[in-house]
Amino acid sequence: CGTRVGKWFGSSSKDNVDAPAELTDFAPSVGVDKLWSLRLGKGERRLWIRQAPAVVEGRVYAATLQGRVVALDLESGRELWRSETGMRLSGGPGAAGGFVVVGSLDGDVLALDADSGAERWRTRVSSEVISRPLLAHGMAVVRSNDGRVFGLDLGEGARRWVFDRGIPALTVRGNASPVLGQGLVYLGYDDGTVVALRVQDGLRVWEQVVAEPDGRSELERMADVDGDLQVGLSEVFAISFKGQMLAMDAANGRPLWTRDTGSYAGLALLGDRLVVADKAGSVWAIDRNSSSALWRQEALAHRWLTTPAVQGDYAVVGDLQGYLHWLRLGNGELAARVRLGKEPIRATPQVSPEGILVAIDTYGELAAYRLGGP
Amino acid sequence: CGITYRQPIYQGNLLDTRNVEQLQPGLTKRQVLLLLGSPSVADPFHADRWDYIASERTGRAGRTQIKNFTLHFEGDTLARWEGEYFAKRDEELAAEMRKFGNLPRERDRDRRRR
Amino acid sequence: QQFEPFTVADIRVEGLQRITAGTVFSYLPVERGDLMDRNRAGVAIRALFRTGFFNDVRLDRQGDILVITVEERPAINKITLVGNKDIKTDDLMRGLRDIGLAEGETFDRLNLERVTQELTRQYNNRGKYNVSIRPSVTQLDRNRVDITIDIKEGKAARIRHINIVGNRNFEQDEIRKGWESNTSNWLSWYRRDDQYSREKLSGDLEKLNSFYLDRGYVDFNVESTQVSISPDNRDMFIVANITEGEVYTVSSIEVTGETILPHEEISKLVFLQPGMTFSRGLIEFSSDAIVNVLSNIGYAFARVTPIPEVDRENRTIAIRMFVEPGQRVQVRRIVFRGNNRTSDEVLRREMRQFESSWYSQAAIDRSKVRLQRLGFFETVDIETPEVPGTADQVDVVVNVKERQSGQLSFGLGYSQLAGLITSVQLSQDNFLGTGNRIAVAVQNNAYSRRFDFSYFDPYFTDEGISVGYNVRYSEFNRGDFNVAQFTTDNGAVQAVFGLPITETDSVGLSIGIDRNDITTVDGLTPPSLIQYMVDTMGDRARFPVFCLADEEDPDAPCVETPGNNRKWRVNAWRSELFWSRDSRNHFFVPTRGTVQRLGAEIALPGSDLEYWKLSYQYSRYWPISRALVLNTNADIGWGRGYGNTKGFDLPFFENFYAGGTRSVRGFEDNTLGPCEFASPLSTRCQSIGGSFKTVGGVELIFPTLFDTDAARVSAFLDVGNVFRNTREFDSGDLRASVGMALQWQAPIGPIIISYAYPIRKKDGDRLERLQFTFGTVF
Amino acid sequence: CGRSGKRADPLETLPVEAMYAEGKRALQRGNHSRAEQYYQRLVARFPYGPYAEQAQLELAYAQYKANKPDDATSTINRFIRTYPTHEHIDYAYYLKGLINFNRENLFLERYLRLDTSLRDQGAVRQSFNDFAELIRRFPESRYAPDARQRMVYLRNHLARHELNVGLYYLRRGAHVAAANRGQFIIENYPQSGYQGDALALMGEAYTRLGEDELAADTRRVLQLNQPDHPWLAGNWPRERNLLRQLNPFAGER
């Protein structure tokens with residue numbers, strides 16, 4: 001790919017940013033077929049909200065800042081319904097149990113019927129919603145940018161509980177979406193801690209620091225846990241921007257192991273290993289029990305990789321030039337590379353149980369891929 | 001000549017009748033200071049005497065009106081006082097000063113300090 | 001290392017290199033014969049550390065001798081800064097010197113740490129979060145070090161997203177009007193408003209508060225604000241979450257406390273009345289008005305505190321304005337600082353506040369305006385510190401920063417009008433700091449010679465009666481001045497007197513005598529001008545006389561044939577009565593006030609040509625917003641003959657002209673108005689001006705440029721023309737043009753560059769879009 | 001990192017004695033900026049030994065002569081802090097006073113015949129305090145007598161400033177202000193040569209204020225201190241000569 005690296009990067013040495021690694025050609029060891037692709041609104045551009053579509057029961061639900069919510073058939077990409085909300089939709093959508101819930105930059109929370117797209121209820125929260133609402137146990141757990149988490153009744157949207165926690169003066173842009181465990185909701189916070197709440201009443205069950213927010217300047221003190229958490233049977237895995245990765249006991253938050261790897265993005269979990277792309281752009285696979293590194297792929301250094309997704313035997317990451325990369329879960333080797341568009345991909349690719357991967361870039365280009373034969 | 005503009009020249013203190021009436025012999029210098037404020041003239045060679053001299057030249061005539069109000073002390077306590085002082089005419093002075101006009105107060109500095 | 005106390009017989013210092021033993025002894029709180037114990041040792045060590053010369057100090061004992069071993073800190077040999085662009089090297093060096101890091105100083109490793117932090121903080125404040133600062137210390141011989149600080153500034157983080165959440169009743173752009181922080185836009189390269197800084201944001205949040213509190217939202221509250229930065233440190237995101245609350249109306253508002261002036265008079269100053277929507281702005285406006293009135297008559301520390309009582313049910317608010325006048329204050333002394341060249345009296349005579357008098361805020365504010373209006377100072381700041389030891393006395397300290405208030409140009413002055421002027425021009429508004437104005441000009445070039453001396457003393461008497469005089473001799477060939485072809489040799493002596501009649505107005509009288517030799521050239525000078533001279537002063541002999549020899553008869557006397565020049569000598573003694581008002585608040589960059597001058601000039605009876613001239617100049621400055629100032633101006637002139645030139649218009653050499661940089665821009669200088677051909681053959685229609693001039697204009701002045709207040713950019717609309725006389729006035733003939741102008745008070749003199757596009761013009765007008773004057777032209 | 005290519009710069013290579021000699025010669029020949037350059041590099045390259053101390057002192061003198069009052073003051077302050085017991089330390093305090101003493105006064109007074117007591121008195125006051133400190137610390141220093149003399153001149157300078165302002169207010173009719181300015185001179189500049197004028201100023205102000213008793217007492221004090229003062233004979237203060245005012249080049253003195 002050309003020497004021009006992304007539209008806005010001037011000569012990188014002048015502005016202190018390490019130049020992204022050049023991509024070298026290679027013989028792909030797996031075929032990737034594009035099922036369909038389409039343009040969805042103007043995309044998030046430089047808002048860094050990492051807004052991804054929801055892939056649930058053979059459908060893709062997506063929301064745009066221009067106010068449209070759309071449902072597409074996963075296989076064909078055919079549009080099932082669309083709804084113009086007129087809101088600057090930045091959070092989610094989260095889809096489950098016949099509901100699609102989205103949040104907006106103006107603090108609105110809107111619930112639509114999953115089949116018809118008709119509005120079920122709408123309410124307001126105290127700040128902009130830039131993470132994916134979690135629908136579980138008859139509740140819609142919506143997190144707003146000011147550190148608050150709202151427990152809304154999924155049926156009519158009434159506010160059941162609010163959990164509030166302060167956040168530091170300067171943080172990394174982005175909020176970790178709430179993740180469901182056994183009756184608990186786990187949230188990564190901007191001051192480097194993971195909080196576990198009870199779904200029914202928002203009671204804080206435990207809280208565990210992943211990375212201490214210490215350092216001389218505000219910039220050095222940033223320890224956000226913004227990337228996606230991963231919840232196993234009895235463990236919760238989180239990674240902080242400052243440079244620590246932590247496995248915790250799901251029930252009481254006791255640390256199991258820690259590791260010096262930092263990332264703004266989140267974790268992927270499959271079988272015995274976790275996959276993560278760290279700040280420097282190298283992709284690691286880490287054994288979930290012993291925290292030792294199984295392999296490390298450095299060919300994508302400084303390409304601002306997304307949180308990895310797992311498709312079949314491969315880990316998939318998007319990068320700043322719109323490329324999707326497939327890495328073999330076994331040894332981390334580059335297996336395939338496809339270009340979605342020319343603009344950066346920041347949202348985590350979503351993979352359906354049937355193995356169809358859906359990715360979107362920051363200019364609204366949406367596409368679905370399926371792994372072909374070996 | 002009458003048409004030349006003469007800027008108003010004020011000198012000395014503005015004594016308040018209510019305070020002057022509270023003067024009584026035996027007051028200490030500190031108590032007098034609280035009532036009338038610092039005297040405009042405290043002559044170095046007359047430590048036992050405070051002069052509240054006030055003068056005023058307004059209008060075009062250019063005549064200066066002078067009023068001397070003198071306090072005499074024995075040691076630190078007030079003995080007697082005599083002379084006259086300009087009667088209270090705050091409204092008139094306020095009107096006169098309004099002709100000069102005021103500059104807007106620095107807004108941000110005040111607020112940030114509060 | 002414990003040691004029992006002992007008396008010190010002798011003291012020995014080891015490890016000294018640069019510092020002398022004497023120096024150590026002078027700082028050491030211990031002498032021979034003192035009792036030395038544990039805490040005295042601690043005190044001694046701390047004292048030596050505080051000198052900053054030593055890295056390490058140890059006290060030992062050898063018998064009764066106190067041995068002090070010190071390790072001197074190295075001295076700094078050379079400091080080099082690499083890679084700094086945004087902050088200049090000498091600014092950084094000064095910053096380092098303040099922290100104690102300078103060549104020749106002792107080097108302390110702790111300082112280096114503080115330097116890195118300080119520089120990072122300075123760059124972070126400029127939004128450069130990617131900065132990397134790596135100081136390196138290289139050891140040299142003789143316990144010296146070289147320090148190199150390698151700075152990589154990186155790109156400044158730009159604000160990409162500002163979001164106000166919870167605004168139901170107003171749109172975001174309306175709320176964010178006037179904010180200093182903004183998302184990147186096409187003006188950001190100039191205003192740098194997309195560069196994040198904490199001060200700017202806190203200022204903007206204060207504006208957000210005022211926006212709502214000024215519209216009645218008493219319960220308005222900024223719940224929380226979040227500032228976040230993208231992982232690559234390049235984009236900033238600001239989110240402010242607010243709760244508007246409800247609109248409150250004023251149920252009652254009354255003034256309480258000691259109001260000194262009658263209660264009704266003070267209550268009149270409250271602009272907020274029951275029933276109106278609550279507005280903090282109006283509350284502050286009212287309390288300022290009350291504080292002003294009180295501080296104008298001595299109460300310098302007056303304070304007005306609004307005490308609200310909120311009734312949440314029916315959303316009303318009752319306010320008590322509690323007035324505390326405080327002590328009546330006297331001004332003891334007035335001191336001026338910074339007037340290195342200007343004499344104390346020049347400043348003191350502008351003061352309206354006197355020493356040993358009661359304090360008046362209005363007098364002090366008026367004095368500041370008068371000092372600014374002198375044009376001698378860049379800045380005038382007045383402080384009123386309390387006099388220590390007294391409760392009711394303050395001093396007035398006036399800090400001024402002097403400005404180069406004169407222009408001294410030798411030899412070179414250029415204006416398109418006069419071509420290259422070789423001239424010596426000295427004009428000094430504050431000559432030798434005496435406040436008097438001196439202007440001397442010796443000038444000669446292609447078409448004119450000129451000598452001009454003028455002196456003006458604004459305070460001939462202490463009350464402000466001004467006296468001035470000027471002497472002028474000049475020879476002008478008006479032809480090359482875009483004006484009709486004739487030459488005037490003019491000598492004049494004039495005296496001027498001015499008399500203030502109010503704080504801002506003054507009237508004046510000038511008397512003077514002058515002689516004007518007018519020379520016309522038949523065939524070159526328009527006939528109507530020659531006719532005017534003939535009709536009013538009779539004909540004159542033609543000259544020069546040629547004597548043409550007759551070729552055929554060489555010895556016959558030559559035939560005299562007169563040339564075509566004629567000359568008239570016009571003696572006059574004239575006087576002018578004028579009234580002027582100047583209430584501008586600043587000399588160079590006024591934002592408020594008017595300046596106008598009405599003059600009636602008359603060539604007194606007995607002059608060769610008797611005529612009168614009326615002139616009125618008007619210019620008013622309106623502050624539109626914090627940065628924009630609108631100026632409206634007009635220049636009207638009218639004159640006629642009387643007595644021996646009754647029935648005639650103004651003599652042509654006294655005519656008004658229009659067009660050019662000082663009147664209607666976009667047209668060549670002096671080319672507007674009636675014109676006439678010198679002879680049927682000539683091609684150029686010579687403009688002869690007129691006796692009735694109407695010029696006006698509107699100018700929008702933009703915020704100051706190049707952050708000096710001496711440069712201003714403005715957009716203007718000029719309208720105007722000159723007419724033979726009032727009868728021939730026709731508004732259809734008025735010319736107009738719009739354009740932009742740059743006015744810069746350069747050290748060598750004012751430079752005015754304007755580009756104008758004529759929008760109302762007639763064919764035959766001589767257009768000139770780009771015009772400039774450089775250096776003062778008299 | 002030697003500078004190859006360019007001829008070795010003498011400032012960086014000369015030994016300490018040669019550096020000092022070069023600086024001294026430049027100073028004596030009056031080339032102050034060259035002297036400043038050499039002394040500065042000497043102090044930086046050889047911060048130890050007698051040369052460094054002497055160079056630092058002469059550096060301050062060179063900067064003073066090169067009319068860089070601010071640099072000279074910071075250099076001399078550093079010298080006093082680093083070598084408080086130097087044998088010429090009294091000269092250092094004396095030089096500190098000189099720097100402010102000559103800050104642009106001479107040029108204005110001698111060439112333009114302007115009265116510098118009419119202008120900002122900041123430098124004058126600073127110089128007065130510096131000389132006072134010299135006399136307090138080193139009463140027997142050989143610079144003390146000259147310092148005392150300069151202090152007398154400076155005190156008169158400050159007193160004349162007060163008197164000028166007082167006379168202005170007397171002329172304007174602000175008599176109370178005039179009297180207080182007179183009193184300020186008497187209380188703050190007792191040894192200045194303007195005691196007589198100050199008393200006359202107060203006396204005249206009291207007279208015009210109708211305070212006859214105060215005026216009489218002041219007259220008596222003046223009678224004792226300066227019997228020949230013109231006010232006693234009734235012709236003080238002198239009327240301003242209006243014609244002289246019309247001539248702009250008449251100067252103020």
Side-chain angles (χ1 to χ4, degrees), chain B residues 1-16 18-19 30 32-42 51-57 59-60 62 64 85-86 88-114, chain C residues 199 202-203 206-207 209-210 260-262 265 281 284-285 287-289 291-299 327-330 332 349 351-358 360-369 387 390-393 461 463-465 499-507 583 585:
Chain B
C1 50
I3 68 159
T4 316
Y5 165 72
R6 291 170 167 282
Q7 68 163 310
I9 297 182
Y10 296 97
Q11 291 281 280
N13 315 60
L14 290 174
L15 299 181
D16 195 330
R18 280 171 304 169
N19 296 351
R30 268 194 54 71
V32 171
L33 271 181
L34 281 176
L35 275 179
L36 307 183
S38 324
S40 53
V41 170
D51 289 89
Y52 289 82
I53 308 175
S55 78
E56 195 183 287
R57 188 199 75 177
R60 292 184 184 281
T64 308
Y85 54 89
F86 285 95
K88 176 174 169 29
R89 49 197 177 0
D90 292 335
E91 283 159 273
E92 186 197 315
L93 290 180
E96 178 76 22
M97 283 301 144
R98 194 167 298 122
K99 282 194 214 133
F100 282 153
N102 283 92
L103 288 176
R105 302 180 66 79
E106 283 85 22
R107 173 72 24 233
D108 326 336
R109 202 162 41 75
D110 291 353
R111 182 163 301 158
R112 202 153 284 136
R113 227 170 340 120
R114 250 207 302 271
Chain C
E199 296 77 30
S202 67
E206 194 51 51
K207 292 195 185 82
N209 234 326
S210 309
I260 306 293
L261 295 173
E265 187 167 330
E284 278 172 356
F285 202 67
S287 63
D288 282 355
V291 163
N292 274 345
V293 162
L294 292 180
S295 66
N296 287 352
I297 51 171
Y299 295 94
Q327 184 79 342
R328 191 160 224 164
V329 172
Q330 290 279 94
R332 184 181 62 135
R349 65 190 182 195
M351 293 299 285
R352 289 323 184 213
Q353 170 73 49
F354 279 81
E355 289 184 353
S356 307
S357 162
W358 41 273
S360 165
Q361 185 64 47
I364 289 179
D365 288 350
R366 182 65 198 155
S367 310
K368 178 172 182 177
V369 168
V387 173
T390 67
D392 68 339
Q393 286 199 336
T461 74
E463 288 307 324
I465 295 175
L499 199 68
I501 50 171
T502 73
E503 182 62 30
T504 54
D505 301 11
S506 58
V507 289
S583 64
N585 60 2

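Numbers restart at 1 for each chain; the letters A, B, ... are given by sequence-line order, proteins then strands.
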**Item:** Passing candidate, side-chain contact (heavy atoms from CB on, under 4.5 Å) with Tyr85(B), options Leu15(B), Leu36(B), Asp16(B)
**Value:** Leu15(B)
**Atom group of Ser360(C) that falls short of 4.5 Å from chain B, counting heavy atoms** = side chain
**Asked** For Glu503(C), is it the side chain, the backbone, both, or neither that has a heavy atom closer than 4.5 Å to a heavy atom of chain B?
**Response** both
**Message:** Using heavy-atom distances under 4.5 Å, tell me whether Lys99(B) contacts chain C through its side chain, its backbone, both, or neither.
**Reply:** neither
**Asked** For chain B, which of Glu463(C), Arg366(C), Gln327(C) has the most heavy-atom pairs under 4.5 Å?
**Response** Glu463(C)
**Message:** If we define contacts as heavy-atom pairs under 4.5 Å, which of Arg332(C), Gln353(C), Glu265(C) has the most with chain B?
**Reply:** Glu265(C)
**Prompt:** With a 4.5 Å heavy-atom cut-off, do Ile260(C) and Lys88(B) have their side chains touching?
**Reply:** yes
**Asked** Below 4.5 Å, heavy atoms only, C-beta onward: do Leu14(B) and Leu93(B) meet side chain to side chain?
**Response** yes
**Asked** Taking the side chain as C-beta and beyond, is there a heavy-atom pair between Pro39(B) and Leu33(B) under 4.5 Å?
**Response** yes
**Prompt:** Highest number of heavy-atom pairs under 4.5 Å with chain B: which of Ala391(C), Gly298(C), Pro262(C), Ser295(C)?
**Reply:** Pro262(C)
**Item:** Contact class of Leu261(C) relative to chain B, heavy atoms under 4.5 angstrom
**Value:** side chain
**Message:** For Val369(C), which atoms come within 4.5 Å of any heavy atom of chain B: side chain, backbone, both, or neither?
**Reply:** side chain
**Asked** Does some side-chain heavy atom of Gln330(C) sit less than 4.5 Å from a side-chain heavy atom of Ser38(B)?
**Response** no
**Prompt:** Which region of Arg352(C), side chain (C-beta onward) or backbone (N, CA, C, O), has a non-hydrogen atom less than 4.5 Å from a non-hydrogen atom of chain B, or is it both or neither?
**Reply:** both
**Prompt:** Okay, side chain of Ser583(C), backbone of Thr504(C): is any donor-acceptor separation there less than 3.5 Å?
**Reply:** no
**Asked** About how many Å separate CG of Asn296(C) and CG of Asn102(B), when rounded to the nearest 0.5 Å?
**Response** 4.0 Å
**Complete:** Looking only at Gly101(B), Gly12(B), Ala54(B), Ser55(B), most heavy-atom pairs under 4.5 Å shared with chain C are made by Gly12(B)
